[in-house]
2 protein chains.
Amino acid sequence: MIDTVKISRALGDPVRYKIMLLLANSESGCCPQPGTNGALPGLCNCEIMAHTGMIQSRVSYHMKELTEAGLVTEEQRGKWKYYYINTATLKDYAGKIKADLLR
Amino acid sequence: MIDTVKISRALGDPVRYKIMLLLANSESGCCPQPGTNGALPGLCNCEIMAHTGMIQSRVSYHMKELTEAGLVTEEQRGKWKYYYINTATLKDYAGKIKADLLR
DNA sequence: TGACAATATCAGAAAAATTTGATATGTTGT
DNA sequence: ACAACATATCAAATTTTTCTGATATTGTCA
């Protein structure tokens with residue numbers, strides 16, 4: 001089942017919220033994808049590092065938090081790992097907040 | 001404007017989420033209200049203390065966090081302070097999360 | 001396979017949040 | 001005003017998170 005506290009906590013850090021916004025507004029990845037002409041959803045670590053100015057281990061740490069909360073799904077593409085928002089979790093979250101707390 | 005990170009952070013603590021659930025499921029206050037037959041919305045500190053087993057200053061601290069996030073509205077009734085969920089904030093929050101992060 | 005690039009994990013340092021007891025402020029009724 | 005009760009604030013101790021550099025793991029390509 002959906003862990004509302006964990007998701008809230010994950011979103012409740014300014015760095016992670018910024019990353020979520022970045023993912024939400026990203027059109028395509030930066031790294032060459034074989035068999036495509038470059039446009040695939042999600043962002044890889046290198047892009048998140050570039051956009052936020054954070055070092056690698058810090059990005060990794062926050063992506064793990066987001067992933068473990070179910071907010072982000074990761075996908076290995078060649079040597080890069082891509083991240084994109086798990087929209088189902090977000091919808092469920094918004095719904096559960098309302099169901100739990102509105103009457 | 002609504003501070004999504006701050007609200008998330010406020011909800012992202014298990015103690016505070018429990019308090020929110022308590023408020024959402026409370027029918028009436030415990031303390032004698034002049035001019036009523038006892039049934040008013042919200043809970044006062046004493047009830048939150050009783051339900052959660054927390055000491056007074058701890059309740060006060062968390063209620064301040066919730067209030068400052070705009071999740072809870074406080075109302076002085078006689079010598080008691082009552083708290084109830086600010087439904088507008090909660091609705092706005094759920095809406096903004098979706099607007100920000102879903103595409 | 002080896003060399004290299006991308007990401008993950010670890011341990012310690014630093015920063016932030018939580019908890020508590022003590023004390024202060026505010027409110028009601030006498 | 002005073003006494004009694006309800007809530008707020010403070011400072012210090014504790015706990016939890018975050019950040020970083022170092023190292024480990026994983027994947028790709030020659």
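Lettering of chains follows the sequences in order, A, B, ..., and the numbering in each one begins at 1.
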A.B. asks: Between atom OH in A:Y61 and atom P in D:dA22, what is the gap in whole Å?
C.D. replies: 20 Å
A.B. asks: Taking the side chain of A:N45 as its heavy atoms from C-beta onward, which of D:dC19, D:dA6, C:dA8 lies nearest to it?
C.D. replies: C:dA8
A.B. asks: State which of C:dT9, C:dA6, D:dA8 makes the closest approach to the side chain of B:S60.
C.D. replies: D:dA8
A.B. asks: Once hydrogens and angles are ignored, does a donor-acceptor distance under 3.5 Å link the base of C:dA8 to the side chain of A:Q56?
C.D. replies: yes
A.B. asks: Once you round it to whole Å, what is the distance between P of D:dG27 and OH of A:Y82?
C.D. replies: 17 Å
A.B. asks: Send over the distance from B:I55 CD1 to D:dA6 P, rounded to a whole Å.
C.D. replies: 16 Å
A.B. asks: Using side-chain heavy atoms (C-beta onward) and a distance below 4.5 Å, is B:T52 in contact with B:V15?
C.D. replies: no
A.B. asks: Looking only at side-chain atoms of B:E65, point me to the closest of D:dT18, C:dT7, C:dT18.
C.D. replies: C:dT18
A.B. asks: Under a plain distance cut-off of 3.5 Å, with no hydrogens placed, do B:N45 and B:Y82 share a side-chain donor-acceptor pair?
C.D. replies: no
A.B. asks: What heavy-atom pair brings A:I85 and B:L101 nearest, and what distance separates the two atoms?
C.D. replies: CD1-O, 3.5 Å
A.B. asks: Side chain of A:S57, heavy atoms from C-beta onward: which of D:dT7, C:dT9, C:dT18 has the nearest atom to it?
C.D. replies: C:dT9
A.B. asks: Where the side chain of A:K79 is concerned, which of C:dA5, C:dT18, D:dT7 is the nearest nucleotide?
C.D. replies: C:dA5
A.B. asks: Identify which nucleotide among D:dC19, C:dG21, C:dT18 has an atom closest to any side-chain atom of A:R58, counting heavy atoms from C-beta outward.
C.D. replies: D:dC19
A.B. asks: Does A:Q76 or A:H62 map to a spot on DNA chain D nearer the 5' end, using the closest nucleotide for each?
C.D. replies: A:H62
A.B. asks: Can you tell me if the side-chain N/O atoms of B:R9 get under 4.0 Å from OP1 or OP2 in C:dA17?
C.D. replies: yes
A.B. asks: Output the rounded distance in Å from CD (B:E75) to C1' (D:dT7).
C.D. replies: 16 Å
A.B. asks: In terms of side-chain geometry, is the basic nitrogen of B:D92 or B:K96 positioned less than 4.0 Å from the acidic oxygen of its partner?
C.D. replies: no
A.B. asks: How close or far is atom P of D:dT16 from atom CG of A:D13, stated in whole angstroms?
C.D. replies: 18 Å
A.B. asks: Figure out the CH2/P separation between B:W80 and C:dT25, and round it to whole Å.
C.D. replies: 23 Å
A.B. asks: Do you know the tightest heavy-atom contact between A:Y84 and A:G42?
C.D. replies: CB-CA, 4.1 Å
A.B. asks: Send over the distance from A:M49 CE to C:dA5 P, rounded to a whole Å.
C.D. replies: 14 Å
A.B. asks: Any side-chain N or O of B:K81 less than 4.0 Å from the OP1 or OP2 oxygen of C:dG26?
C.D. replies: no
A.B. asks: Can you check the A:M63 CE to C:dA6 C1' distance for me, whole Å?
C.D. replies: 14 Å
